[in-house]
Number of protein chains: 2
Amino acid sequence: MFDANNEDIIYDLADLFKMFADSTRLRILYALTDGEKNVGELAENLSMNQSAISHQLSTLKAAKLVKARRDKKSMYYSLADDHVESIIKIGVEHVLEP
Amino acid sequence: MFDANNEDIIYDLADLFKMFADSTRLRILYALTDGEKNVGELAENLSMNQSAISHQLSTLKAAKLVKARRDKKSMYYSLADDHVESIIKIGVEHVLEP
DNA sequence: CTTTCATATGTTTGTCTGTTCATATGTTCA
DNA sequence: TGAACATATGAACAGACAAACATATGAAAG
């Protein structure tokens with residue numbers, strides 16, 4: 001599947017899956033599957049305080065899973081690429097199976 | 001993609017991805033992609049002690065990502081289904097991209 | 001320029017989790 | 001049955017991490 005001798009890939013992979021391994025981040029990512037949202041919208045949407053959301057967004061951004069765009073005073077976040085949705089989707093397929 | 005009102009799915013999803021979010025578990029799963037192995041083989045293969053491997057195998061088994069079979073004194077572990085490999089694969093694709 | 005709104009950042013706290021060590025369980029074979 | 005081997009389990013410790021609170025940064029409008 002890939003060169004297992006390159007142990008770095010394993011750590012990168014683990015770091016990638018870590019991003020999806022938390023329900024708050026997962027809910028953020030899912031919320032962004034139907035288009036960009038700003039921090040306030042996400043906070044309200046998930047019933048969490050602004051700080052928690054902002055922290056997670058910065059984590060997700062560092063992992064290059066979301067990207068940010070400023071419009072006036074707001075920062076709009078959106079999914080960085082199609083992989084994000086694909087990964088969630090394949091996870092869902094597994095979870096939903098008998 | 002799925003019914004977001006069903007919050008349980010989010011938690012199940014997070015739990016699933018948690019399994020892939022640790023390098024030891026990932027290395028175990030990867031090692032099993034080319035066939036079943038017993039605990040001793042895995043421990044030697046990953047240069048880790050038997051107890052650590054056994055603990056992680058029991059975690060993976062509880063998550064139904066691996067299954068176990070006894071042969072004589074040894075327990076042979078293998079991937080539970082095709083999803084496991086698919087999930088790793090799609091993660092690798094993301095990691096390997098520019 | 002100052003107030004207000006939106007977001008980011010620093011710090012602390014409580015919880016979770018991976019590893020190790022020690023020991024128990026269970027299987028085989030003499 | 002008992003010794004030897006393979007794996008599992010329990011407890012303890014250390015490191016990681018998400019959430020909350022307080023505060024700082026930055027943009028816009030008057």
Side-chain angles (χ1 to χ4, degrees), chain A residues 7 10-32 35-80, chain B residues 7 10-32 35-80:
Chain A
E7 282 283 319
I10 292 284
Y11 290 102
D12 290 346
L13 248 191
D15 287 342
L16 173 66
F17 285 124
K18 251 172 220 148
M19 293 300 110
F20 296 87
D22 172 77
S23 59
T24 298
R25 284 192 295 270
L26 220 39
R27 294 204 298 159
I28 291 174
L29 293 173
Y30 177 73
L32 296 181
E36 65 174 14
K37 291 185 175 51
N38 64 41
V39 181
E41 289 170 333
L42 286 168
E44 191 186 16
N45 215 311
L46 310 195
S47 306
M48 293 186 65
N49 73 56
Q50 174 268 328
S51 178
I53 300 295
S54 189
H55 273 293
Q56 294 300 355
L57 282 169
S58 100
T59 302
L60 289 168
K61 194 182 173 195
K64 294 194 201 302
L65 295 184
V66 303
K67 55 190 176 191
R69 168 182 81 82
R70 179 178 284 284
D71 181 47
K72 312 273 182 183
K73 294 177 194 162
S74 296
M75 290 290 278
Y76 283 86
Y77 284 84
S78 56
L79 300 183
Chain B
E7 283 284 319
I10 291 283
Y11 290 101
D12 290 347
L13 248 190
D15 286 343
L16 174 65
F17 285 125
K18 253 174 217 143
M19 292 300 111
F20 295 88
D22 171 77
S23 59
T24 299
R25 284 191 296 269
L26 264 184
R27 295 204 298 159
I28 291 174
L29 293 173
Y30 177 73
L32 297 180
E36 66 174 11
K37 290 185 175 49
N38 64 40
V39 181
E41 289 170 332
L42 285 168
E44 191 185 17
N45 215 310
L46 310 195
S47 306
M48 292 186 64
N49 74 53
Q50 175 267 324
S51 179
I53 300 295
S54 188
H55 274 295
Q56 294 299 357
L57 283 169
S58 99
T59 301
L60 289 168
K61 193 181 174 195
K64 294 193 201 303
L65 296 184
V66 303
K67 56 189 175 189
R69 167 182 82 80
R70 179 179 285 282
D71 181 47
K72 311 275 180 181
K73 294 177 195 165
S74 297
M75 290 292 278
Y76 283 87
Y77 284 84
S78 55
L79 300 182

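Chain A is the first sequence line, chain B the second, and so forth, proteins listed ahead of strands; every chain is numbered from 1.
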Asker: For residues B:Ile53 and B:Ala43, report the shortest heavy-atom separation together with the two atoms involved.
Answerer: CG1-CA, 3.7 Å

Asker: What is the distance, to the nearest angstrom, from the CZ atom on A:Arg69 to the P atom on C:dT7?
Answerer: 12 Å

Asker: Using 0.5 Å steps for rounding, measure from the CG atom of A:Leu29 to the CG atom of A:Leu57.
Answerer: 9.0 Å

Asker: Does B:Phe17 have any ring pair (Phe, Tyr, Trp, His ring centres under 6.0 Å) partners at least two apart in sequence or in another chain, and if so, which?
Answerer: A:Phe20

Asker: Mind listing the side-chain donor-acceptor pairs of residues 44-51 of chain A below 3.5 Å, one per line with the distance, residues two or more places apart or on another chain?
Answerer:
from: A:Asn49; atom 1: OD1; to: A:Ser51; atom 2: N; distance (Å): 3.0
from: A:Asn49; atom 1: OD1; to: A:Ala52; atom 2: N; distance (Å): 3.0

Asker: For B:Ser74, enumerate each residue passing the side chain to side chain contact (heavy atoms under 4.5 Å, CB included) test, keeping only those at least two apart in sequence or located in another chain.
Answerer: B:Asn38, B:Tyr76

Asker: Polar atoms only, N or O, under 3.5 Å: list the protein pairs with nucleotides 17-20 of chain C and their distances.
Answerer:
from: C:dG18; atom 1: OP1; to: B:Arg25; atom 2: NH1; distance (Å): 3.2
from: C:dG18; atom 1: OP1; to: B:Arg25; atom 2: NH2; distance (Å): 3.0
from: C:dG18; atom 1: OP2; to: B:Arg25; atom 2: NH1; distance (Å): 3.1
from: C:dT19; atom 1: OP1; to: B:Thr24; atom 2: OG1; distance (Å): 2.7
from: C:dT19; atom 1: OP2; to: B:Gln56; atom 2: NE2; distance (Å): 3.0
from: C:dT20; atom 1: OP2; to: B:Asn49; atom 2: ND2; distance (Å): 2.8
from: C:dT20; atom 1: O4; to: B:His55; atom 2: NE2; distance (Å): 3.4

Asker: Please list, chain by chain and in numerical order, all residues satisfying side chain to side chain donor-acceptor pair (under 3.5 Å) with A:Arg25, sequence neighbours excluded.
Answerer: A:Gln56

Asker: Please list, pair by pair, any protein nitrogen or oxygen found under 3.5 Å from a nitrogen or oxygen in nucleotides 28-30 of chain C.
Answerer:
none

Asker: Taking only distance into account, with no hydrogens and no angle test, what donor-acceptor pairs under 3.5 Å do side-chain atoms of residues 59-71 of chain B form with protein atoms, sequence neighbours excluded?
Answerer:
from: B:Thr59; atom 1: OG1; to: B:His55; atom 2: O; distance (Å): 3.1
from: B:Arg69; atom 1: NE; to: B:Glu36; atom 2: OE1; distance (Å): 3.2
from: B:Arg69; atom 1: NH2; to: B:Glu36; atom 2: OE2; distance (Å): 2.5
from: B:Arg70; atom 1: NH1; to: B:Lys72; atom 2: O; distance (Å): 3.4
from: B:Arg70; atom 1: NH1; to: B:Lys73; atom 2: O; distance (Å): 3.4

Asker: Under 4.0 angstrom, heavy atoms only, what part of the nucleic acid is A:Tyr76 near: base, sugar-phosphate, or nothing?
Answerer: nothing

Asker: Do you know which two heavy atoms are closest between A:Ser23 and B:Ala14, and how far apart they sit?
Answerer: N-CB, 3.9 Å

Asker: What is the distance from CD1 of A:Ile53 to P of D:dA19, rounded to the nearest Å?
Answerer: 8 Å

Asker: Base, sugar-phosphate or nothing for A:Ser74? Non-hydrogen atoms, less than 4.0 Å.
Answerer: sugar-phosphate

Asker: Examine D:dA6: is either OP1 or OP2 under 4.0 Å from a nitrogen or oxygen in the side chain of B:Tyr77? Give yes or no.
Answerer: no

Asker: Which heavy-atom pair separates A:Ile10 from B:Leu26 by the least distance, and what is that distance?
Answerer: O-CD1, 3.6 Å

Asker: Given the rule in the side chain to side chain contact (heavy atoms under 4.5 Å, CB included) test, do A:Leu16 and A:Asp12 qualify, once you have shown the distances and angles that lead to the verdict?
Answerer: CA-CA 6 Å; A:Leu16 173 66; A:Asp12 290 346; over 6 Å; no

Asker: Measuring from atom OH of A:Tyr77 to atom OG of A:Ser58, what distance do you get when rounded to the nearest 0.5 angstrom?
Answerer: 7.5 Å

Asker: Could you tell me how far apart B:Tyr11 (OH) and C:dC16 (P) are, to the nearest whole angstrom?
Answerer: 13 Å

Asker: Within residues 37-46 of chain A, which residues have any heavy atom lying less than 4.0 Å from an atom of DNA chain C?
Answerer: A:Asn38, A:Val39, A:Gly40

Asker: Looking at D:dA8, does its base get a donor-acceptor pair with the side chain of B:Gln50 below 3.5 Å?
Answerer: yes

